2 protein chains.
Amino acid sequence: MRQQHFLMPTLREVPADAETASHRLLLRGGYIRQLAAGVYTYLPLGQRVLRNLERIIREEMDAIGAQELLMPAMQPAPLWEQSGRYAVYGPELIRLEDRHGREFALGPTHEEVVTALIRDEIQSYRKLPLLVYQIQTKFRDERRPRFGLLRGREFLMKDAYSFAADEEQLDAIYASMTQAYNRIFTRCGLRFRAVEADSGSIGGEGGSHEFMAIADIGEDRIVTCTDCGYAANVEQADTGLPQQEKRETPEPAAEKFATPGIHTIAELEQALGVSSKQLLKTLIYEADGRAVAVLVRGDRSVNEIRLQRILHAEQIELADADTVLRLTGCPIGFVGPAGLRMPLLVDREAAAVSSAIAGSGEAGYHLRHVQPGRDFPVEHVYDLRLAAEGDRCPRCEGTLRSSRGIEVGHVFKLGTRYSAKLGASFAGASGEQRPMIMGCYGIGVSRLVSVIAEQRHEETGLLWPMAVAPFQVHVIPVSVQDEEQMLGAEALYRRLRAQGIEALLDDRQERPGMKFKDADLIGAPIRIVFGRKASEGLVEYKERQEANSLEVTVEEAYERIVRLCLN
Amino acid sequence: MRQQHFLMPTLREVPADAETASHRLLLRGGYIRQLAAGVYTYLPLGQRVLRNLERIIREEMDAIGAQELLMPAMQPAPLWEQSGRYAVYGPELIRLEDRHGREFALGPTHEEVVTALIRDEIQSYRKLPLLVYQIQTKFRDERRPRFGLLRGREFLMKDAYSFAADEEQLDAIYASMTQAYNRIFTRCGLRFRAVEADSGSIGGEGGSHEFMAIADIGEDRIVTCTDCGYAANVEQADTGLPQQEKRETPEPAAEKFATPGIHTIAELEQALGVSSKQLLKTLIYEADGRAVAVLVRGDRSVNEIRLQRILHAEQIELADADTVLRLTGCPIGFVGPAGLRMPLLVDREAAAVSSAIAGSGEAGYHLRHVQPGRDFPVEHVYDLRLAAEGDRCPRCEGTLRSSRGIEVGHVFKLGTRYSAKLGASFAGASGEQRPMIMGCYGIGVSRLVSVIAEQRHEETGLLWPMAVAPFQVHVIPVSVQDEEQMLGAEALYRRLRAQGIEALLDDRQERPGMKFKDADLIGAPIRIVFGRKASEGLVEYKERQEANSLEVTVEEAYERIVRLCLN
């Protein structure tokens, strides 16, 4: 491609509303433009990256026998009513009516459509297992679209669905899909981890893994063991069994003391000069409208996903100040585990402390020498806290490290949740009807663009891996008026293209500084500069990730390029 | 691909609601399935055809320097208000509100989005001309979706947009796009004609051509000259200048005669035993609420598109019976050209008759010996009729033939309609601001699947051209239990795939008749059957479009395949 007429509007200024490096650089490099919140146009550079990602994904899907199809975005509401998701999906589901008043959803995912399709087309175990996928535009009306392509309202996904006759078939597909995902993200040049995950609102009975790209801006917290291979979403991680604290002497009776004006754990910690580990937090939740109290140590956070599962609740929410006052007769900050008129769920670790400071249930006072079991009931004990940095690994003697990640892929064992509701059954070998056992497998294709950019950039621009880069080679004559530079650059450009290597020729009449700045922003893996020594047949060869460039002959540059690109 | 686990559900029965051959065969062959009216899932076979079409289109677009980008389906309503289309687009435009109550349209086309994009990114003539395209899903809530993929509500389009600094640049792009379209449709194996077209509601000042695939089920009528290259949409075609009829003797005075119970031209023709060419039809239209009368010969139809243009009307409509009675005091069927209290537009040909029969303006009576100019005013004369089979060509002495066509592509000179409204201007060489001159260029990608199927099929199945076929070769062992047949078929299948030839292996344990019926339906261009003589190294080689098969060695079959496929 020749740059002079290529739509690649780079920006010198840093866009004010772009909070992350990937968002800033994709805007500045002329990869994307926002049309509305969470709705983007992919400019030619961005589209080239997208298409490279699609190619990688297609190759790996085809390699494991997945069949590509294409389902519509417009999905009739009755299908969603059959699965039960139409009522509960909430405002993220974009709904519309056609000219006849029939309701549709714009698909955020395709379980309903694909299950109904396969139900109608496959009747016998002989046609199972079946694995289909599509690369298709999804819609989700996010409450807070952000970070460019990371959380958009219209985005490109690869979603795959498997249909199996038994668990063994499902397990085999799940395993080969997991391997395919490992290959895909490796080819994308990502640092990532597959972690055990909660199966979330999409439901399902079996396993679920998330593929997390490691990044500080990630909204997910994951823990990984330093010793064994254990890795999990923090909400999925079990915490190690705590040791029961022991005391030599019996604990004195609980004692009320004044703590006026103190409302938070941090304030309490500071005022009393104690560690938050000695404090107990009593939190009031509303689970589908029903109040429950949760007790965790002062230094811990509640694992709300797990709490929700324990309570079998559709929705849980921390009660607001007014509700707490109404339910406990006490303002937030002073609520304690004793004397509550609601169930109290106690975290294992909180149950294991021997002496603690806790709310008294009376405004302006706390209690010290509080002992679980003696001073409040310990009837419902669960693993209720979020795993944290430094925890013991639940699988071995190692220690957990905590990091942030961005979900780029997800594999799910759905079981029969959808097939049962939509009637997707098949005849087994002896003729009996059984529901198909499903799995679903997603990759956020447009999100990947941002994630790769987030992991691979420097201040001046992007550092695309070869397989993903919009152009593999950037050929830059310093001065297009210099005939030898221009002829040499043209010749190399044509030669590379003839080899199927994607090259970009900067044929613009711009200052050299501008050309190099743009080249940095775009981030092609190899840059060839035709400068003063072009007349001697010498060019500057630079790999984007190397600090220094080499002065080499055009022929050597060509050979190096071919070696790197044609593998 | 191995057929045993390939999702290719063929149907034995002919689907009841499929009116066209292409629709029936795409359903029966397992190419598509309907999810809702005008909303389809592409099964793996259909998706393969789509992707082949996309590849052809991309190659030809890239060859003329078009740059691929990708714009969103969700388009903010304010953009459409700026162009003035939000109010007038009507119920075909799918509208929705996001969770914050902001209105969006689901793009049926992208003029607004692309014009706003280029407005913001291009400021100078030095960056012009620019040609961008996308292959993207469009939404249009058709009143009557029909014929499978021919008129859908969610469909795949290639839409391209050009931005030029002057007419010369636009003309050059328009010409190269036209050539690219010719190559694309030729590679798709279509019989088609590029015809002059009206620019329709999308607007525009300059030229417009439609690419029409010839098909009896087409909703468009086109006329083509038998002698010169002239071809036009019937609504765009000029009709030849009529010859003024001459009479030797002066015409007798107009004379009223009774025609009780006669309401139509056909009844009149039959009752009086005259040709409809001797009759004059007076039709009452409402143009934006204003009444006008139109006079054409009894054997002609009004070109309503042209009438609308002449009247500069947003909308025109034939008046209903009540309105006609109210406006003329006379029931439909007896309205005549004399004494009307509204403007009368006379078709050139109607003005050229010397003596005619026409309505009298009084129920139950017609007039004979009616002479234009003498018996009614001939002040507003236009070319107002639709061209028809047998007309003289407006360009030469040839004769027009009429046929039906399906629009598969459209090239438009938009001029400054959108750039002026959305403020997409650029600085010319001397710094002056001018609006960009635009063109737009569409191809219905999913529609092409149906059109090719409509032109290329026989009763038993589809006849895909090599470049489009989902599989190029179908390898069929008659009995999978016969080891020599199966081994031979497997070996050929693998050898073809190693060459990059798309082959389908029928490894199903089915009756031979079933296998051959399915193979006919699917329509791969080449079929290789391993039957009884497989043990002697002989196979049946058959090209789908040939009546007979050949008995050849596997080696010869392979060589023939390579010759046909790898070109």
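In this text the structure is predicted, and so the values were computed from the model without any measurement.
Of the listed residues (B/M74, B/M1, B/R126), the one with the most heavy-atom contacts under 4.5 Å to chain A is B/M74. Contacts with chain B were tallied for A/D120, A/L70, A/L69; A/L70 has the most, counting heavy-atom pairs under 4.5 Å. Contact tally against chain B (heavy-atom pairs below 4.5 Å) for A/R508, A/E142, A/Q75: the top residue is A/E142. Of the listed residues (B/M71, B/R153, B/H5, B/K127), the one with the most heavy-atom contacts under 4.5 Å to chain A is B/H5.
Neither the backbone nor the side chain of B/L156 comes within contact range of chain A, judged by heavy atoms closer than 4.5 Å. Using a 4.5 Å cut-off between heavy atoms, B/V114 makes no contact with chain A at all. In this structure, chain B has heavy atoms under 4.5 Å from both the backbone and the side chain of A/L7. The part of B/L128 that comes within reach of chain A is its backbone (N, CA, C, O), which places non-hydrogen atoms under 4.5 angstrom from that chain. Heavy atoms of A/Q4 lying under 4.5 Å from chain B belong to its backbone as well as its side chain. Proximity to chain A (any heavy atom under 4.5 Å) is restricted, for B/I122, to the side chain, taken from C-beta onward. Proximity to chain B (any heavy atom under 4.5 Å) is shown, for A/Q509, by neither the backbone nor the side chain. Proximity to chain A (any heavy atom under 4.5 Å) is restricted, for B/L117, to the side chain, taken from C-beta onward. Looking at A/R51, the atoms closer than 4.5 Å to chain B (heavy atoms on both sides) all sit in the side chain, from C-beta outward. Of the two parts of B/Q34, neither the backbone nor the side chain holds a non-hydrogen atom closer than 4.5 Å to a non-hydrogen atom of chain A. Contacts of A/Q134 with chain B are absent, with no heavy-atom separation under 4.5 Å from either backbone or side chain. Heavy atoms of A/A73 lying under 4.5 Å from chain B belong to its backbone as well as its side chain. Proximity to chain B involves both the backbone and the side chain of A/L35, based on heavy atoms less than 4.5 angstrom apart. Contacts of A/L106 with chain B are made by side-chain atoms alone, with heavy-atom separations under 4.5 Å and no backbone atom involved. Using a 4.5 Å cut-off between heavy atoms, A/L79 contacts chain B through its side chain alone, with no backbone atom that close. Proximity to chain B (any heavy atom under 4.5 Å) is shown, for A/F6, by both the backbone and the side chain. When heavy atoms are compared at a cutoff of 4.5 Å, A/R99 approaches chain B by way of both its backbone and its side chain. With a 4.5 angstrom heavy-atom cutoff, B/L50 touches chain A only via side-chain atoms. When heavy atoms are compared at a cutoff of 4.5 Å, B/I94 approaches chain A solely by way of its side chain, counted from C-beta outward.
Smallest separation of non-hydrogen atoms from A/A36 and B/F104: CB-CE2, 3.8 Å.
Distance check, rounded to the nearest 0.5 Å: OH of A/Y133 to CD of B/Q47 gives 8.0 Å. In this structure, CD on B/E68 lies 12.5 Å from CG on A/L43, to the nearest 0.5 angstrom. A/D141 contributes atom CG, which lies 5.0 Å from atom CG of B/D98 (distance to the nearest 0.5 angstrom).
Applying the 6.0 Å contact sphere to CZ of B/R511 captures no more than 12 heavy atoms from other residues, nucleotides or ligands. Within a 6.0 Å sphere centred on CD of A/E59, other residues, nucleotides and ligands contribute more than 12 heavy atoms. Shown here is B/R143, whose CZ atom has no more than 12 heavy atoms of other residues, nucleotides or ligands within 6.0 Å. Counting non-hydrogen atoms of neighbouring residues, nucleotides and ligands closer than 6.0 angstrom, the CD atom of A/E168 reaches no more than 12 such neighbours.
The main-chain N or O of B/P44 is never found under 3.5 Å from a side-chain atom of A/Q67 such that the two would form a donor-acceptor pair.
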